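Reviewing the structure listed below.
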Amino acid sequence: MKTQFEQMMDGLNDVEAFLAGEQEGFKAHVPQEVDVKAIRNRLGMTQARFSNTFGFSLDAIKHWEGGRRTPEAPARTLLTVIDKNPAAVLTALNPAPFAAAVGPSKPTTVHVRVDRKRQTPSGVTKRKAYSAEGGKRITK
């Protein structure tokens with residue numbers, strides 16, 4: 001059995017080989033076991049709500065949690081992502097309602113228009129600017 005250091009070095013060697021073009025892609029490591037009940041409890045969801053929210057059948061959730069069945073690799077992958085970043089899954093599966101619940105995800109842009117420099121009779125240079133908030137005029 002390899003030590004943790006040897007496993008890390010193998011991973012770094014794989015990265016170097018990939019960057020050098022000697023190896024294509026990488027292999028995802030899907031966990032062999034996923035604690036569905038612990039994930040669901042961390043999210044504070046019932047079995048029914050968890051199944052509806054993430055697209056699993058209620059029977060599958062019950063069987064997984066009861067130990068009668070084990071999730072297949074794709075389900076374990078999705079469950080792992082749900083465990084690590086549930087917001088990413090919710091956004092991907094149903095972006096509109098999630099965005100409405102969380103608020104706007106795009107940064108707000110404020111446009112400011114600045115006029116040319118103007119020289120007053122006393123020789124002082126002033127600028128006229130307008131803010132995006134109701135077109136208020138700002139003199140600089």
Side-chain angles (χ1 to χ4, degrees):
M1 183 171 196
K2 291 185 177 184
T3 65
Q4 222 175 6
F5 176 76
E6 290 170 332
Q7 290 175 350
M8 289 174 50
M9 286 307 297
D10 285 347
L12 289 173
N13 291 336
D14 288 344
V15 170
E16 284 181 349
F18 174 75
L19 293 174
E22 299 165 2
Q23 181 177 334
E24 291 186 21
F26 66 94
K27 182 174 176 152
H29 297 283
V30 179
Q32 289 298 314
E33 295 180 13
V34 177
D35 190 348
V36 179
K37 187 172 186 176
I39 295 169
R40 183 178 58 77
N41 285 335
R42 264 193 299 280
L43 295 173
M45 294 182 165
T46 63
Q47 288 179 335
R49 185 168 177 216
F50 189 81
S51 70
N52 288 336
T53 302
F54 295 110
F56 300 111
S57 74
L58 181 57
D59 284 341
I61 301 293
K62 289 178 180 180
H63 287 295
W64 293 340
E65 290 186 9
R68 292 179 296 279
R69 283 195 297 187
T70 303
E72 299 280 332
R76 289 193 315 267
T77 301
L78 179 57
L79 288 163
T80 301
V81 176
I82 292 169
D83 186 29
K84 304 290 182 199
N85 192 351
V89 177
L90 290 171
T91 302
L93 294 176
N94 210 352
F98 185 69
V102 175
S105 60
K106 294 182 180 178
T108 305
T109 304
V110 177
H111 297 281
V112 177
R113 186 185 76 184
V114 178
D115 288 341
R116 291 180 156 194
K117 293 180 184 178
R118 299 195 179 168
Q119 213 169 28
T120 62
S122 61
V124 177
T125 303
K126 290 188 175 181
R127 292 179 187 237
K128 288 183 185 175
Y130 299 89
S131 76
E133 299 170 8
K136 295 178 186 172
R137 187 170 154 179
I138 306 167
T139 304
K140 294 184 178 184

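Model, not experiment: these values are computed from the prediction.
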(message) Distance check, rounded to the nearest 0.5 Å: D35 atom CG versus N41 atom CG?
(response) 8.5 Å
(message) Strictly by side-chain hydrogen bond (donor to acceptor under 3.5 Å, both in side chains), give each pair with a member in residues 45-54 just once, sequence neighbours left out.
(response) Q47-E65
(request) Evaluate the ring planes of F50 and F56, with Trp represented by its six-membered ring, and classify them as parallel (under 30°), tilted (30 to 60°) or perpendicular (over 60°). (result) parallel
(request) Show the numbers, then the answer: is there a side chain to side chain contact (heavy atoms under 4.5 Å, CB included) between F54 and M45? (result) CA-CA 11 Å; F54 295 110; M45 294 182 165; 4.0 Å; yes
(message) If hydrophobic clusters are built by linking Ile, Leu, Val, Met, Phe, Trp and Tyr wherever their side-chain heavy atoms come under 4.5 Å apart, do L43 and L58 end up in the same one?
(response) no
For residues 66-73, dump all side-chain donor-acceptor pairs below 3.5 Å to protein atoms at least two apart in sequence or in another chain.
from, atom 1, to, atom 2, distance (Å)
R68, NE, H63, ND1, 3.1
R68, NH2, K62, O, 3.3

Check: residues 5-16 side-chain donor-acceptor pairs under 3.5 Å, at least two apart:
from, atom 1, to, atom 2, distance (Å)
E6, OE1, T3, N, 2.9
D10, OD2, K2, NZ, 2.2
N13, ND2, M9, O, 3.2

(message) Taking salt bridge (Lys or Arg N to Asp or Glu O under 4.0 Å) as the cut-off, I'd like each qualifying pair that reaches into residues 73-95, sequence neighbours left out, listed once.
(response) R42-D83
(message) Could you list the cluster mates of V30? Members are the ILVMFWY residues connected by side-chain heavy atoms closer than 4.5 Å, either directly or through other members.
(response) none
(request) Using the test side-chain contact (heavy atoms from CB on, under 4.5 Å), find all partners of N85 that sit at least two apart in sequence or belong to another chain. (result) A87, A88
